[in-house]
**Q** 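Questions regarding the structure given below will be posed in turn.
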Amino acid sequence: MSEHWWRTAIIYQVYPRSFADSNGDGVGDLPGITSRLDALVELGIDAIWLSPFMTSPQRDAGYDVADYCDVDPLFGTLADFDALLAAAHERGIRLVVDLVPNHSSNEHPWFREALAAGPGSPERDRYVFRAGVGKGGTLPPNNWQSVFGGPAWTRITEADGTPGPWYLHIFDSSQPDFDWSNPWVHDRFREVLRFWLDRGVDGFRVDVAHGLVKADGLPDYEPPAGGSMGGDAELAPYWGQDGVHEVYREWRRVLEEYDGERVLIGEAWVLPLRRMAQWVRPDEMHQTFNFGYLEAPWDAVALRAVVDESLAAFGGVGAPSTWVLSNHDVIRHPTRLTLTPPPPQGEGIGPRSPRVDEASGLRRGRAATAFMLALPGSSYLYQGEELGLPEVVDLPDTARQDPTFIRTEGRHYGRDGCRVPIPWEADAPAAGFSPTGSSWLPQPAGWGSHARDTQRGIPDSTLEFYRTALAARREHGLGAGEIEWLDAGPDVIALRNGGLTIVSNTGTTPVPLPVGDVVVASGPVSDGELPGDTTVWLRAD
Ligand code: NOJ
């Protein structure tokens, strides 16, 4: 395993509940992942980022943790985790786990103890409790809104039945925010880091890495249109506060006590990228998800601008840039890049939204992937994108589980459409996801047509396109390369990296195809033309 592996790694996100179900309960689990690891080796990834699998009442799909040092029975046991980690390492795949430090579940013993211990107790100081305002404290302490909709405060009732203070929850009311001004919280999380580092994990994806610390005095703030995960022009008083960087410096010191390069990956949804780069200064995290890139439209001018901005911002602090198009919080990119404009993050799409033609979406999605994989740095893939999965729009309201849908009373569809269990075998129950055919979110009709077994070995399939691109990326050292922009006509973006010429036609009209052997093509190219919504990698010699 190479030095600084993370600088160029392809990191594949496994969303455990939707990856592979071994016990037939309709929810994916850790043994399911272990049983499918060879498919990921064949795909050509370097590392897995495993979304939460820790003990949780699952009010936000595991991002509401009730025990940071155990596995939720839904997903298996600690022994299953150890087996997965060992199996991944045997195959040369690193494993990064999701850590959720901004909030716990309201069922975490730390929160239960805080409720039970009563006002003025040290236990209360673990979380953000404040007296309400107005007569009798009946109004929340300030006007903050939950990212998922509705107020960010919930009032408690004390043990003796009297109305008590309010607690802060930037997300669901089942996710109380920790008070990171309390050293007790710092101590606990360093213990959690060590627990997983001792087991051998290769690092942590840090949830809401721009949260944790809140502005002094908790000043009122008007969020843009309800709630937002971040990335707004103005920094909210609960995002990106200076003190948060000290937390990651502390954590970096812990990681550096361990051998092998263990990494911190931040979900720091702050823009512009110059600001995000503060999270990856040399003594903090190793990398952050590039949400500026994820949010860029499929447009030559916008892409060139965001790539330049990324390389300057992250390069300016000595960090690699990362690239990402899809994850479990956003509309899958083949669908999203065809929606102009896409709805704000988290709103999602559903049966009442405008339709996207799947074939055109896939064509554009593959072109965007081929462009991304040609860039230097580290790229993130989200499970199922290698199968060309579109966003599932036709989920019935009764099936939806995202707290966004529930808290906005259905005004926002939320994120379930990108979380539908993935298809493995066309003719198996639940398309190979689960032996019983059960699936926690219903798979749409025809889902099996995207199954891995229908694509494996088929040259034009999306799966083989991903495999070819990942292999060529490795062979030509693109992850460690440097780019040089080439002149290109309108709607076309062209660059050189690692001896290859990469050209994307983001328009709809074919343009002349430069000379060279085609190494990777996101779609059909012929007659010396590069059609619209297509990317090619060419070898000039
Ligand atoms: C970001 C995670 O990616 C998202 O899925 C989750 O709902 C929030 N953080 C809250 O933990």
Side-chain angles (χ1 to χ4, degrees), residues 11 13-19 49-66 68 72 96-108 111 127 144-150 152 168-178 180 189 192 204-212 214 223 226-232 236 238-240 244 265-270 276 279 288-291 294-295 322 324-332 344-348 380 382-383 400-408 412-420 440-441:
I11 305 182
Q13 179 185 2
V14 170
Y15 193 67
R17 51 174 45 237
S18 303
F19 190 71
W49 148 32
L50 186 57
S51 284
F53 56 87
M54 295 158 190
T55 312
S56 161
Q58 305 291 327
R59 296 281 296 275
D60 183 22
Y63 283 97
D64 48 321
V65 178
Y68 288 92
D72 194 288
V96 170
V97 299
D98 219 310
L99 182 69
V100 188
N102 180 68
H103 46 264
S104 70
S105 160
N106 60 346
E107 293 185 26
H108 197 296
F111 189 73
Y127 293 88
W144 294 1
Q145 296 290 296
S146 152
V147 168
F148 296 152
L168 176 67
H169 51 87
I170 295 295
F171 293 90
D172 187 51
S173 55
S174 63
Q175 295 167 298
D177 281 49
F178 285 110
W180 275 90
F189 272 90
V192 171
F204 302 91
R205 175 269 187 189
V206 181
D207 189 60
V208 199
H210 54 317
L212 282 64
K214 277 73 189 181
S228 144
M229 202 92 92
D232 309 310
Y238 38 86
W239 299 146
V244 79
I265 299 164
E267 186 216 21
W269 206 309
V270 288
M276 188 189 281
W279 271 252
T288 54
F289 300 111
N290 187 342
F291 292 119
L294 185 147
E295 287 182 340
T322 68
V324 57
L325 288 167
S326 282
N327 67 29
H328 67 294
D329 288 330
V330 300
I331 297 169
R332 282 187 178 274
Q345 186 281 326
E347 277 192 27
Y380 285 83
Y382 174 50
Q383 66 181 36
R400 291 191 183 269
Q401 302 201 16
D402 184 348
T404 311
F405 183 77
I406 298 159
R407 289 181 66 88
T408 62
H412 293 173
Y413 285 111
R415 304 161 293 175
D416 289 318
C418 64
R419 298 176 175 180
V420 173
W440 71 278
L441 281 174

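All ligand and atom numbering here is 1-based and tracks the order in the structure.
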**Q** Between Ser174 (side chain only) and Asn106 (backbone N and O only), is there a donor and an acceptor less than 3.5 Å apart?
**A** no
**Q** Please determine which of Tyr15, Phe289, Phe204 meets the ring pair (Phe, Tyr, Trp, His ring centres under 6.0 Å) test together with Trp49.
**A** Phe289
**Q** Would you call the rings of Phe291 and Trp269 parallel, tilted or perpendicular if under 30° counts as parallel and over 60° as perpendicular?
**A** parallel
**Q** With sequence neighbours left out, write down each residue that passes side chain to side chain donor-acceptor pair (under 3.5 Å) with Ser326, or none if nothing qualifies.
**A** His333
**Q** Check each protein residue for a heavy atom under 4.0 Å from ligand 1 and list those that pass, ordered by chain and number.
**A** Asp60, Tyr63, His103, Phe148, Phe171, Arg205, Asp207, Val208, Glu267, His328, Asp329, Arg415, Arg419
**Q** Looking only at atom types and distance, does a side-chain atom of Thr408 sit under 3.5 Å from a main-chain N or O of His412, one as donor and one as acceptor?
**A** yes
**Q** For the side-chain hydrogen bond (donor to acceptor under 3.5 Å, both in side chains) test, which of Gln58, His328, His103 pairs with Tyr63?
**A** His328
